[in-house]
Chemist: 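Okay, handing you the structure first.
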Amino acid sequence: MSGLDQLYQQIILDHAKAKHGFGLRDAAPGAASADSHQYNPLCGDEVTLRAVVTTAPDGTAAPVVADVAWTGEGCSISQASTSVLHELVVGLPVPQATGLVEEFRTMIRSRGQVEPDEEVLGDAAAFAGVGRHANRVKCAMLGWTAFEDALSRAVADLFEAAPQPGPPAVSTTTEQENA
Amino acid sequence: MSAPAVDAARVGDPGGSEAGGAAAFSDDEVAAVRARFPVLSRTVGAGHALAYLDSGATSQRPDSVLDAERDYLTRSNAAVHRGAHTLAEEATQAYEDARAAVAGFVGLDDDEVVWTRNATEGLNIVALGLSHYGIGAPGPLALRAGDEVVVTEMEHHANLVPWQQACARTGATLRWIGLDDDGRLDLDDLDRVVTGRTKVLAFTHASNVLGTVNPVPRLVAAAKAVGALTVLDACQSVPHFPVALRALDVDLAVFSAHKMLGPTGIGALAGRREVLAALPPVVTGGSMVEKVTMESTTFREPPQRFEAGTPPVSQAIAWHAAVDHLSALGMDRIAAHEHMLTERLLAGVADLPGVRVLGPTTARDRVGAVSVVVEGVHPHDVGQFLDNEGIAVRVGHHCAQPVHRRYGATASTRASVYLYSTTGEVDAFVETLGRVRGYFGAA
């Protein structure tokens, strides 16, 4: 497989076209949601992502990620990674979803050194090759950073039972994801 | 130090072959030019020859420039303008010789070139200086509420953001000259934008995105008619065709060493000595002062007035070698070579389906920075695909978001040629670009 094909695995090219979860939808009644807007000032890529959480059906377990809705534009890596995120985390209990984000970040930041656990990461394991391209790390993390940000505030809203989430936070991350 | 003889009629003319003078380099000549640049012989990825088409971002450096810096550091390295020892004498001489050489390269005298960290810093020195007039005794150039600063819609952020800030500080208003659909300044309403309220007209000589070379004489005439200061961003012109700033009649200009075979870390703010003399310093400290007491300080004359702190000495010396290298080859021949490559590049991409050029589609009044939007494929992906074949281009917004927005894009892919670029590299870029949409399923 050429270096290019290792980076652009078919799974990634497919997700970049499919864009699962694309389009901002309103949260269902009773759910809590928060938006996060992430922007990469280097290339102009941006994503606005809405994380929706609900209490677990039995009311005792951890809240559940009910939806990840997003819009934005960017390269195939950023679009595909956000699409994969949607596929992986919707339906997961929040602690598992945040664990997955950590797992993904560790893989991306490892410069190709960490062998991805496909059992855990599923389609996201296809992004392992991105870590070897320092300039693309930010692309792969764009949607996941937005999710992490939106999720924490959506969960806080759920627990505070605040009827109206606040205005969407806008953050321009300048942190080097590969630092 | 006298300026080299320059044909005023050709000053600022990037046309090269159009001007009827110099010829493009022959294949043998290009090979000889390239042999002086060590990096050009490396390979990329799976053994691909490097096709470096990103000189608009930063140029490569020839052995003469690398050697000059090393020779200085291994023989004469010392603090300049102080110390009485032999090394300090040699260092100071080499450092000031460099200033004269760079000044001469753009048709100015040595006291009309201020060393800066880069071109961006040069523009900030001007924008901040004009703002600071409001603090001390106001000078004739001081920006005040009611004044207007005019820029263009094709500026690099470095020639836009400092003016936005200057206006915010002083209450002046920022206005701009728009662009037509072909990537040129829309000068139809120049008289309505540049008016009696205009205090500064700051514009780029050549756009780093569109490649457009702007009509400096017409803009300078408009500014002069209303008594406005002219500030020229010459970063994409001075490296690529003969530029004589005095003949162009601009008040101030900036350009950068690393885009013209020199090192990073040094740029120039250049211009009329009387304008520099009217500009207050914004960075103060050692080296730029005359008499300092515990209560107050008097400042030196330009250029030292703007050069607080330890200067970039070895960089200045390397830049001297760079302008010598360019002059020895001849800026008119370099311009002709790039003109030929630009025509070939534009003709090549014009035939590609789903590829749109931002900027003029002919090489007239244009430098060899060609930015394209590939339908259905993001520039980052385009750049990655090209890199896989050893072709280095710039992707993104190239520090010029407004001009991208003007043409309905957020980012683009830019190929930019220089004296060492070849027809083979241009052809490889075009051929590879033609396969991008197929790979990403956009064709």
Side-chain angles (χ1 to χ4, degrees), chain A residues 1-19 22 37-48 71-83 108 112 126-143 172 174 176-178, chain B residues 43-48 50 54 57 156-158 160-161 209 358 371 373-414 432-433 435-443:
Chain A
M1 206 189 297
S2 79
L4 196 70
D5 293 338
Q6 256 171 27
L7 176 63
Y8 294 111
Q9 302 209 5
Q10 196 56 47
I11 290 172
I12 294 180
L13 294 178
D14 290 346
H15 270 285
K17 283 197 160 318
K19 298 188 188 187
F22 194 84
H37 177 231
Q38 297 291 324
Y39 176 66
N40 182 349
L42 298 179
C43 59
D45 287 3
E46 52 191 317
V47 64
T48 302
T71 182
E73 61 177 289
C75 65
S76 56
I77 301 292
S78 69
Q79 302 297 288
S81 81
T82 312
S83 172
I108 294 288
F127 291 86
V130 174
R132 281 191 285 274
H133 299 269
N135 290 337
R136 308 306 297 274
V137 165
K138 181 86 186 172
C139 313
M141 289 306 303
L142 195 68
T172 300
T174 49
Q176 284 292 316
E177 283 291 351
N178 58 321
Chain B
T43 58
V44 177
H48 292 284
L50 168 66
D54 197 18
H156 187 285
H157 295 159
L160 170 60
V161 180
V209 174
L358 302 181
S371 301
V373 173
V374 179
E375 194 183 307
V377 187
H378 190 277
H380 259 171
D381 296 325
V382 177
Q384 200 85 53
F385 189 85
L386 292 165
D387 177 65
N388 191 55
E389 313 233 342
I391 301 167
V393 297
R394 174 85 184 261
V395 296
H397 51 55
H398 322 314
C399 297
Q401 293 177 24
V403 71
H404 278 88
R405 205 168 289 122
R406 167 63 179 82
Y407 295 107
T410 53
S412 63
T413 302
R414 181 186 71 188
T432 309
L433 189 67
R435 287 187 277 117
V436 166
R437 296 180 73 232
Y439 183 85
F440 289 100

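Reminder, nothing fancy here: chain letters follow the sequence lines and each chain counts from 1. Quick caveat: nothing in here was measured; it's all calculated off a predicted structure.
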Chemist: Go through the steps to decide whether Y439(B) and D5(A) satisfy the test side chain to side chain contact (heavy atoms under 4.5 Å, CB included), and finish with yes or no.
Modeler: CA-CA 10 Å; Y439(B) 183 85; D5(A) 293 338; 2.6 Å; yes
Chemist: Does the ring center of F440(B) lie less than 6.0 Å from the ring center of Y8(A)?
Modeler: yes
Chemist: Is any side-chain heavy atom of D45(A) less than 4.5 Å from a side-chain heavy atom of H378(B)?
Modeler: yes
Chemist: Can you name the closest pair of heavy atoms from R136(A) and D381(B) and give their distance?
Modeler: NH2-OD1, 3.0 Å
Chemist: On a heavy-atom basis, which atom in K17(A) and which in G441(B) lie closest, and how many Å separate them?
Modeler: NZ-O, 3.1 Å
Chemist: Can you tell which part of Q79(A) gets under 4.5 Å to a heavy atom of chain B, answering side chain, backbone, both or neither?
Modeler: neither
Chemist: Any side-chain heavy atom of H380(B) within less than 4.5 Å of one from I77(A)?
Modeler: no
